[in-house]
Participant: 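Sharing a structure below in structure tokens format, with a few things to ask.
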Amino acid sequence: MAWSTRFLTAVAFLAVGVVFAPDVLGSGPESPAAAVSAAKLCHLLAFATAWGAALWVTFIGGIIMFKYLPRHQFGNLQRKMFPAYFMVVSVCAAVSVAAFAYLHPWRSASSIERYQLGFLLSALGFDLSNLLVFTPMTIEMMKKRHKIERELNIGQEVGGAKNKEAAKTNPQLAAMNKKFGMIHGFSSLANITAFGSLAMHSWYLAGKLHF
């Protein structure tokens, strides 16, 4: 995914550039109406995509797969899905940051708007930390744990009961479980924090709707 990483890096730099140098793109209250409408559309679509993807993966899809797939099959699927998931939500968060900063330049933004930009930047930061740090580490740990489990003829069952039993008599597996649990915990915390930041922004957007 080298090409996508480079693309994301470019989008992230664009987002940060819009935040700290909005005049370069001519943002502000006197911006052309077409540019403002385009920025609003980009922000709405990118935010909705990130919010929907995070909601599905975190609270629905991942839980269902864990409950019904053999554990190694579930892990191998996650190994392919999570980099793509964090790439999508990171790009969407970066677009949301850039569009929101374009519409609300920092120097003229209200305190509420600055807080919202902070929430969006928080979501971007935590999604990037997962994409570039925690997910690669988790995948590497998972590969090593799967290797140990295959040697013990476990991993094809649904759930983790056999792993816990085997770890009681296998120090190597117990140590690997501890490392995997720690890194996976950081990844989960970053993911839920990013989701919470998006949730705060959804409350802000809901207050702007008029039916």
Side-chain angles (χ1 to χ4, degrees), residues 1-6 8-9 12 49-94 118-202:
M1 299 184 71
W3 67 268
S4 53
T5 302
R6 289 193 292 268
L8 175 58
T9 302
T49 300
W51 167 262
L55 178 66
W56 174 262
V57 171
T58 305
F59 298 106
I60 303 174
I63 294 175
I64 292 174
M65 287 187 290
F66 179 77
K67 284 185 176 181
Y68 295 103
L69 288 178
R71 196 157 49 78
H72 281 189
Q73 185 178 343
F74 168 74
N76 291 331
L77 178 59
Q78 297 289 72
R79 185 175 68 184
K80 298 296 184 181
M81 187 178 73
F82 267 32
Y85 160 64
F86 286 120
M87 174 62 67
V88 169
V89 294
S90 295
V91 169
C92 288
F119 287 131
L120 293 173
L121 283 169
S122 173
L124 174 59
F126 283 111
D127 286 333
L128 286 175
S129 70
N130 250 324
L131 176 66
L132 302 175
V133 181
F134 297 130
T135 294
M137 293 176 67
T138 301
I139 290 174
E140 188 61 30
M141 292 283 185
M142 184 183 67
K143 289 179 180 178
K144 293 179 180 179
R145 190 167 75 158
H146 281 190
K147 184 177 183 297
I148 297 173
E149 290 176 336
R150 283 194 297 270
E151 294 172 354
L152 298 173
N153 294 318
I154 61 175
Q156 298 308 312
E157 72 284 352
V158 177
K162 288 188 177 181
N163 173 282
K164 294 178 181 178
E165 288 298 320
K168 294 178 181 178
T169 57
N170 189 307
Q172 186 181 14
L173 179 59
M176 187 58 63
N177 284 346
K178 184 176 180 180
K179 292 179 181 179
F180 178 83
M182 180 180 66
I183 299 301
H184 187 266
F186 283 133
S187 177
S188 298
L189 179 61
N191 183 55
I192 200 69
T193 304
F195 180 82
S197 298
L198 293 176
M200 295 300 294
H201 190 61
S202 71

Participant: Please give me the minimum heavy-atom distance between Cys92 and Ala50, naming the atom from each residue.
Facilitator: CB-CB, 3.8 Å

Participant: Kindly give the heavy-atom pair with the smallest separation between Ser202 and Ala199, and that separation in Å.
Facilitator: OG-O, 2.5 Å

Participant: Output the distance between atom CG (Asp127) and atom CG (Asn191), rounded to the nearest 0.5 Å.
Facilitator: 7.0 Å

Participant: So do Ile139 and Pro83 actually touch side chain to side chain, heavy atoms under 4.5 Å?
Facilitator: yes

Participant: Could you go through Tyr85 and Val88, starting from their C-alpha distance and side-chain angles, then the distance that decides it, and tell me whether this counts as side-chain contact (heavy atoms from CB on, under 4.5 Å)?
Facilitator: CA-CA 5 Å; Tyr85 160 64; Val88 169; 5.9 Å; no

Participant: Name every donor-acceptor pair, under 3.5 Å, that has one atom in a side chain of residues 178-190 and the other anywhere in the protein, sequence neighbours excluded.
Facilitator:
from, atom 1, to, atom 2, distance (Å)
Ser187, OG, Asn130, OD1, 2.6
Ser188, OG, His184, O, 3.0

Participant: Can you name the closest pair of heavy atoms from Ser197 and Ser122 and give their distance?
Facilitator: OG-OG, 3.1 Å

Participant: More than 12 foreign heavy atoms under 6.0 Å from CD of Glu157: is that the case here?
Facilitator: yes

Participant: Are the side chains of Arg71 and Glu149 in contact, using a 4.5 Å heavy-atom criterion?
Facilitator: yes

Participant: Between Phe74 and Phe66, what is the ring plane arrangement, given parallel below 30°, perpendicular above 60°, and tilted in between?
Facilitator: perpendicular

Participant: Could you tell me the separation between the CG atom of Asn163 and the CG atom of Asn177, rounded to the nearest 0.5 Å?
Facilitator: 4.0 Å

Participant: For the atom pair CZ (Phe82) and OG1 (Thr135), what is the distance rounded to the nearest 0.5 Å?
Facilitator: 7.0 Å

Participant: Out of curiosity, Arg79 CZ to Glu140 CD, how far, rounded to the nearest 0.5 Å?
Facilitator: 10.0 Å

Participant: Taking the side chain as everything from C-beta on, heavy atoms only, tell me whether Val158 gets closer than 4.5 Å to Lys67.
Facilitator: no

Participant: How long is the span from the CG atom in Asn170 to the CE atom in Met176, to the nearest 0.5 Å?
Facilitator: 10.5 Å

Participant: Any pair with a residue in residues 144-177 that passes ring-ring contact (aromatic ring centres under 6.0 Å, His included), sequence neighbours left out, goes on the list, sorted by first then second residue, please.
Facilitator: His72-His146

Participant: Centres of the Phe134 and Phe86 rings: under 6.0 Å?
Facilitator: no

Participant: Taking C-beta and beyond as the side chain, do Met65 and Gln78 meet within less than 4.5 Å on heavy atoms?
Facilitator: yes

Participant: Measuring from Lys162:NZ to Asn153:CG, what's the distance to the nearest 0.5 Å?
Facilitator: 9.0 Å

Participant: Kindly indicate, with the supporting measurements, whether the criterion side-chain contact (heavy atoms from CB on, under 4.5 Å) is fulfilled by Lys144 and Ile148.
Facilitator: CA-CA 7 Å; Lys144 293 179 180 179; Ile148 297 173; 5.6 Å; no

